[in-house]
Protein chains: 2
Amino acid sequence: MTQTSDTTSYKDIKQTVLHRIRSGELQPDTLLPNEQKLAVEFSCTRTTVNRALRELADEGFLERRRKAGTRVLSAPQRQARFTIPLVRDEVEALGGTYRYALVSHETQNAPDWLAARLSLRPDQSVMHVRCMHFSGNTPFQFEDRWIVIDSVPQVEQADFSSIGPNDWLVQTVPFTNVELTFLASRADASLAGFLDVTEGEPVFTAERITWLQGQPVTFAKMYFAAGYRMTTEF
Amino acid sequence: MTQTSDTTSYKDIKQTVLHRIRSGELQPDTLLPNEQKLAVEFSCTRTTVNRALRELADEGFLERRRKAGTRVLSAPQRQARFTIPLVRDEVEALGGTYRYALVSHETQNAPDWLAARLSLRPDQSVMHVRCMHFSGNTPFQFEDRWIVIDSVPQVEQADFSSIGPNDWLVQTVPFTNVELTFLASRADASLAGFLDVTEGEPVFTAERITWLQGQPVTFAKMYFAAGYRMTTEF
DNA sequence: AATTCCATTTTGTGTAGACTTTATCTTTTT
DNA sequence: AAAAAGATAAAGTCTACACAAAATGGAATT
């Protein structure tokens with residue numbers, strides 16, 4: 001179907017099975033025929049069927065268990081996949097010109113709440129960086145970030161006046177584990193000033209904790225300008 | 001490594017390659033050896049290497065192009081996977097007792113903004129349902145939903161006094177396409193009453209548009225109680 | 001100098017078959 | 001009846017090989 005070729009591809013099978021689910025031909029909780037039988041039906045090998053069903057299971061449509069078989073999930077575990085863009089990319093994708101400005105940075109002992117959050121010893125020192133991201137001259141995001149110096153000692157040589165701490169970290173410790181949280185917070189006087197909104201306004205906020213092989217690397221709060229919407233399709 | 005067997009599995013290869021990336025042995029933008037060579041290195045077939053690299057590319061670590069080869073992504077396209085839970089499950093996972101209450105429902109012509117949003121004809125009628133989700137006696141979420149009757153005619157027989165519109169829709173048209181948006185909004189007087197917060201407070205809000213094979217099915221705004229946090233790890 | 005064309009390399013995907021792992025079901029034993 | 005043991009079915013994964021598709025880099029042509 002998809003290609004001009006005459007063989008049945010795993011993509012064809014995915015599409016067909018998905019169609020059967022959506023049309024109601026395959027009811028939720030129904031058991032599918034086993035791979036062997038589907039292979040006969042689609043006149044292809046079991047390998048091909050396996051890949052199709054495996055991917056559909058990955059995508060949250062099916063549940064597969066050895067010996068038990070493959071069944072249609074009744075409450076589809078649909079998963080949204082957010083691709084978290086870098087601020088620069090996001091601004092540019094929206095047609096703006098990206099501009100970065102450092103607000104402040106200083107090294108200090110980890111405040112208690114941060115030490116607790118990241119499981120730091122109370123004496124560990126962190127670099128506190130605050131900065132702004134603009135789209136043209138419009139505030140886009142205010143970033144409030146702490147970086148654990150023991151985890152990234154090079155940070156003491158970093159020059160955050162020209163490069164944002166996020167960009168710097170992505171370049172320096174690119175592959176990390178992340179805990180991401182979205183919430184709505186309230187603009188206090190200071191934040192209202194940075195984002196050019198009225199004090200008390202709702203602000204879409206993302207918190208991000210980053211770990212490198214079990215070591216806490218950074219905690220960031222990102223406050224987005226009024227009207228910001230984080231959207232995804234799936 | 002993972003198993004007791006003596007063959008190299010695609011999981012071993014994934015782990016090894018990922019480790020080489022994290023440790024800096026494979027720098028961003030570096031080209032990996034081709035599948036043939038890796039197969040020799042890991043003494044397995046190219047098929048096995050292919051699966052490992054394909055999955056790592058899926059997960060956003062690598063970029064693969066025919067003829068060009070496989071390279072480490074410099075700005076890892078890490079994707080957050082949010083599993084969107086049903087409200088009931090979410091409340092129960094947090095240790096609460098789920099309770100549902102219908103606030104209002106009525107059939108009407110689609111308001112202009114909704115017709116525009118969902119590409120409806122101005123005369124198409126929709127069912128407007130408002131309801132509350134509680135954790136014990138604490139407000140958890142206020143749901144404001146429109147359902148396109150032409151797309152789901154059965155909705156006219158549905159009894160939303162006992163079952164939530166989301167649960168009903170999941171049962172009725174389980175497999176759909178979704179556009180999901182997160183934002184921060186401001187509690188107006190009515191919403192403040194429902195969620196038991198002060199008027200003007202920030203409210204974490206999710207909007208969800210659902211399509212069934214190109215047909216708009218439903219638009220929902222979900223307003224979460226104060227302090228709500230949507231978290232994911234990846 | 002630019003463009004078109006083509007060979008080659010690399011990933012993408014299919015076939016055929018084997019062995020492995022796990023969970024379920026059945027049977028047997030307690 | 002309950003618990004333990006064993007048979008078996010289904011998915012999971014690997015090997016070995018083949019051909020397809022894409023895109024790149026260089027050669028040929030304009």
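Predicted model only: the values in this text are computed from it and were never measured. Residue numbering restarts at 1 for every chain, and letters A, B, ... go by the order of the sequence lines.
Contact record, A:Gly96 with A:Ser135: CA-OG, 3.5 Å, taken as the closest heavy-atom pair. Residue A:Thr48 comes nearest to A:Thr8 through the heavy atom pair CG2-O, 4.0 Å, listed as atom of the first residue, atom of the second, then distance.
Rounded to a whole Å, the CG atom of A:Leu53 is 8 Å from the P atom of D:dA11. Spacing between atom NZ of B:Lys11 and atom P of C:dT20 amounts to 17 Å, rounded to whole angstrom units. If you take CD of B:Glu55 and P of C:dT11, they are 16 Å apart, rounded to a whole angstrom. Summarising the geometry, the separation between CG on A:Leu56 and P on D:dA11 is reported as 13 Å, rounded to the nearest angstrom. Nucleotide C:dG14 holds its P atom 12 Å from the CZ atom of A:Arg54, rounded to whole Å. In this structure, CG of A:Leu62 is placed 15 Å from C1' of D:dA10, rounded to the nearest angstrom. For the pair B:Arg51 CZ and D:dC14 P, the computed distance is 7 Å after rounding to whole Å. Rounded to whole Å, atom C1' of D:dC14 lies 13 Å from atom CG of B:Asn50.
Between A:Cys44 and B:Arg46, the residue whose closest nucleotide on DNA chain C is further toward the 5' end is B:Arg46.
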Measure all distances between protein nitrogen or oxygen atoms and nitrogen or oxygen atoms of nucleotides 24-26 of chain C, and list the pairs falling under 3.5 Å.
{"residue": "C:dT24", "atom": "OP1", "partner": "A:Arg65", "partner atom": "NE", "Å": "3.0"}
{"residue": "C:dT24", "atom": "OP1", "partner": "A:Arg65", "partner atom": "NH2", "Å": "2.1"}

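Listed nucleotides: C:dT13, C:dT11, C:dT15. Nearest to the side chain of B:Thr70: C:dT11. Comparing D:dT13, C:dG14, C:dT11 against the side chain of B:Thr47 picks out C:dG14 as the nearest.
For the contact set between residues 30-41 of chain B and DNA chain D, defined by any heavy atom under 4.0 Å, there are no members.
Taking the centre of each ring, B:Phe182 and B:Phe204 come in below the 6.0 Å mark. Taking the six-membered ring wherever Trp is involved, the centroid distance between the rings of A:Phe134 and A:Phe140 does not fall below 6.0 Å.
Residue A:Arg64 places at least one side-chain N or O under 4.0 Å from the OP1 or OP2 atom of D:dG12. Phosphate contact (OP1/OP2 of C:dG14, side-chain N/O of A:Tyr10, threshold under 4.0 Å): absent. Neither OP1 nor OP2 of C:dT13 sits under 4.0 Å from any side-chain N or O of A:Thr48.
For the pair A:Glu92 (side chain) and A:Asp89 (backbone), a donor-acceptor distance under 3.5 Å is absent. Of the possible donor and acceptor atoms, none in the side chain of B:Arg64 sits under 3.5 Å from a partner among the backbone N and O of B:Thr70. Under the 3.5 Å distance criterion, the side-chain polar atoms of A:Tyr100 are matched with a main-chain donor or acceptor of A:Phe160. Remark: the backbone N or O of A:Val40 is not paired with any side-chain donor or acceptor of A:Ser43 at under 3.5 angstrom.
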Less than 3.5 Å apart, which donor and acceptor atoms pair up between the side chains of residues 163-170 of chain A and the rest of the protein, not counting sequence neighbours?
{"residue": "A:Asn166", "atom": "OD1", "partner": "A:Arg145", "partner atom": "NH2", "Å": "3.4"}
{"residue": "A:Asp167", "atom": "OD2", "partner": "A:Arg88", "partner atom": "NH1", "Å": "2.7"}

